[in-house]
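In what follows, a structure is listed as structure tokens, so that the remarks can point back to it.
Just so we're clear, the structure is a prediction, and the values are computed from it rather than from any experiment. Residue numbers start at 1 and run along the sequence shown.
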Amino acid sequence: MSRRLTNLALLALLAVAGTTGLLAYGVGTPDPATAVTVLHGLAGLAILTLIPWKQGIVRRGLARTRARKGRDAGIALAVLVPLSIFAGLVHAVGGWRPYVGLFPLQVHVGAAVAAVPFAVWHVLARQQRPRRTDLSRRTAVRALAIGAGGGAILFASEGAAALLGNSRLGGGRRQTGSHEVGSGDPAAMPVTNWFTDPVPSVDPATWRLHLVGRDVTRDELDAGDRVTATLDCTGGWYASQDWSGTRLDRLLPALRADQSIDVVSVTGYRRRYPARDAPRLLLATRAGGQPLSRGHGFPVRLVAPGRRGFWWVKWVDRVEVVDEPWWWQLPAPPT
């Protein structure tokens with residue numbers, strides 16, 4: 001394959017892998033999650049099939065005595081992209097566990113994010129323009145071969161994961177790619193927070209939930225509404241628990257369809273939900289029949305079935321009704 005086509009194929013695959021990786025953080029329900037994560041895996045693993053061609057390009061570039069524009073960015077990408085793919089494979093096959101103090105998914109995401117500015121730099125410095133002649137039967141066959149190569153690696157990795165009990169098909173991994181940890185046992189469930197949030201110390205004697213103009217005590221929220229829901233953390237694990245507390249729609253006034261609900265933590269973390277979600281949202285005071293621990297959101301956390309973990313606001317302090325649309329917020333909070 002020519003240098004230009006190799007670079008164009010890598011650029012397209014990196015774009016698909018990056019886009020699906022971002023989408024995977026927001027998709028919490030099974031059907032779209034399966035499509036997104038499978039496409040993410042295929043794009044990432046297909047990159048590996050282009051390594052033989054890219055190695056030749058890199059060797060010729062390094063052999064030149066005079067450095068060309070984008071050379072340093074290319075070297076950085078040659079390190080970060082394979083590192084991200086390898087870490088993703090380790091997460092998928094090996095389960096949710098740390099290695100030398102780091103979880104593979106942290107390395108996978110961190111290397112991918114670090115690669116973005118180098119990719120932009122490299123593309124701008126070494127532009128490869130598509131041509132009409134690229135739309136040929138030979139190019140289509142090559143694209144199918146690259147996809148088949150990625151699929152073969154994906155199939156092999158799922159086989160290895162199955163041997164270790166971590167296969168998606170065998171139930172060891174959820175459709176989002178998360179591994180089961182602590183289902184039915186809240187004490188065994190990992191404590192993971194948004195990256196800027198510490199675990200606060202909340203005094204239950206003085207704590208009050210500020211809810212649309214009135215204050216509510218924790219005892220008033222311990223009403224016995226129950227739901228079995230799966231907390232699927234973007235850190236790569238999930239746990240299904242029996243949550244109990246009070247459904248949010250029991251506490252709110254009648255809402256217009258164009259209104260939204262802001263749920264705010266004592267740390268300042270907030271998420272916004274459409275009014276139609278109110279009957280499905282639970283202000284939970286207990287998990288598995290026991291009061292929430294500090295790390296899991298004591299005194300009250302939000303349970304948002306069908307949404308990824310960063311929507312499950314912990315240490316809830318305020319609930320507000322606002323007129324802005326629910327989607328008028330960042331896809332993931334910056335703090």
Side-chain angles (χ1 to χ4, degrees), residues 181-235 237-253 255 260-273 275 277-305 307-322 326 329-330 332-335:
V181 184
S183 289
D185 184 5
M189 193 167 61
V191 174
T192 53
N193 304 331
W194 197 245
F195 64 95
T196 58
D197 270 358
V199 176
S201 181
V202 180
D203 183 357
T206 59
W207 175 89
R208 297 290 185 275
L209 174 67
H210 307 293
L211 191 146
V212 195
R214 64 190 180 101
D215 289 348
V216 180
T217 67
R218 184 183 179 282
D219 288 343
E220 291 178 273
L221 293 173
D222 204 3
D225 288 335
R226 297 175 58 181
V227 63
T228 299
T230 299
L231 171 55
D232 191 339
C233 179
T234 51
W237 61 270
Y238 77 90
S240 297
Q241 308 291 355
D242 181 22
W243 308 89
S244 60
T246 301
R247 272 182 15 210
L248 192 53
D249 63 326
R250 299 186 189 278
L251 302 169
L252 294 174
L255 301 179
S260 303
I261 305 162
D262 274 6
V263 180
V264 188
S265 169
V266 298
T267 65
Y269 182 96
R270 71 167 62 213
R271 289 275 82 193
R272 180 173 296 165
Y273 310 81
D277 278 10
R280 302 177 65 247
L281 299 174
L282 181 79
L283 290 171
T285 57
R286 298 174 181 271
Q290 300 298 316
L292 296 172
S293 67
R294 283 182 57 205
H296 291 143
F298 178 86
V300 174
R301 80 173 300 159
L302 187 74
V303 171
R307 292 183 180 270
R308 296 302 296 274
F310 65 90
W311 289 92
W312 294 44
V313 181
K314 295 197 281 190
W315 314 297
V316 177
D317 177 64
R318 298 196 316 276
V319 177
E320 302 167 348
V321 175
V322 297
W326 74 271
Q329 61 182 330
L330 292 174
T335 58

Please identify each residue that fulfils side chain to side chain donor-acceptor pair (under 3.5 Å) with T230, with sequence neighbours left out.
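Only S240 meet the side chain to side chain donor-acceptor pair (under 3.5 Å) criterion with T230.
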
To the nearest 0.5 Å, tell me how far [X] [atom1] sits from [Y] [atom2].
X	Y	atom1	atom2	answer
F310	D232	CZ	CG	10.5 Å
T228	D242	OG1	CG	4.5 Å
L281	L251	CG	CG	11.5 Å
L255	D249	CG	CG	9.0 Å
R301	L231	CZ	CG	5.5 Å
S265	L302	OG	CG	11.0 Å

Write down the atom of [X], the atom of [Y], and the distance for their closest heavy-atom approach.
X	Y	result
F298	W315	O-CD1, 3.0 Å
P186	A287	CG-O, 3.4 Å
L248	A278	CB-O, 3.8 Å
A229	P305	CB-CG, 4.0 Å
D215	E220	O-OE1, 4.3 Å
P200	P198	CD-O, 3.2 Å

Would H210 and V319 count as a side chain to side chain contact (heavy atoms under 4.5 Å, CB included) if you check the C-alpha gap in whole Å, the side-chain angles of each, and the deciding distance to 0.1 Å?
CA-CA 6 Å; H210 307 293; V319 177; over 6 Å; no

Residues which pass ring-ring contact (aromatic ring centres under 6.0 Å, His included) with W311, listed by chain and number, not counting sequence neighbours
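Only Y273 meet the ring-ring contact (aromatic ring centres under 6.0 Å, His included) criterion with W311.
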
Check whether any side-chain heavy atom of W237 sits under 4.5 Å from a side-chain heavy atom of T192, and report yes or no.
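SC-SC contact between W237 and T192 confirmed.
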
Could you list all the side-chain hydrogen bond (donor to acceptor under 3.5 Å, both in side chains) pairs where at least one residue sits in residues 285-294, not counting sequence neighbours?
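Checked against side-chain hydrogen bond (donor to acceptor under 3.5 Å, both in side chains) - neighbours excluded - the pairs reaching residues 285-294 are D222-T285, D222-R286, S293-H296.
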
Quick one: do D277 and I261 satisfy side chain to side chain contact (heavy atoms under 4.5 Å, CB included)? Show the steps, please.
CA-CA 9 Å; D277 278 10; I261 305 162; 5.9 Å; no

Taking atom CZ of R226 as the centre, report whether more than 12 heavy atoms of other residues, nucleotides or ligands fall under 6.0 Å from it.
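Open.
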
Salt bridge or not between D225 and R247? Use side-chain N to carboxylate O under 4.0 Å.
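Looking at R247 together with D225, the answer is no, because their closest N to O distance does not fall below 4.0 Å.
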
Partner of L209 by side-chain contact (heavy atoms from CB on, under 4.5 Å), out of D317, L221, T217:
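Only match with L209 under side-chain contact (heavy atoms from CB on, under 4.5 Å): L221.
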
Using side chain to side chain contact (heavy atoms under 4.5 Å, CB included), reason through K314 and L292 one step at a time and then give a plain yes or no.
CA-CA 10 Å; K314 295 197 281 190; L292 296 172; over 6 Å; no

Sidechain-backbone polar pair: [X] side chain, [Y] backbone, donor-acceptor under 3.5 Å:
X	Y	value
Q329	R272	yes
W312	R307	yes
W207	R218	no

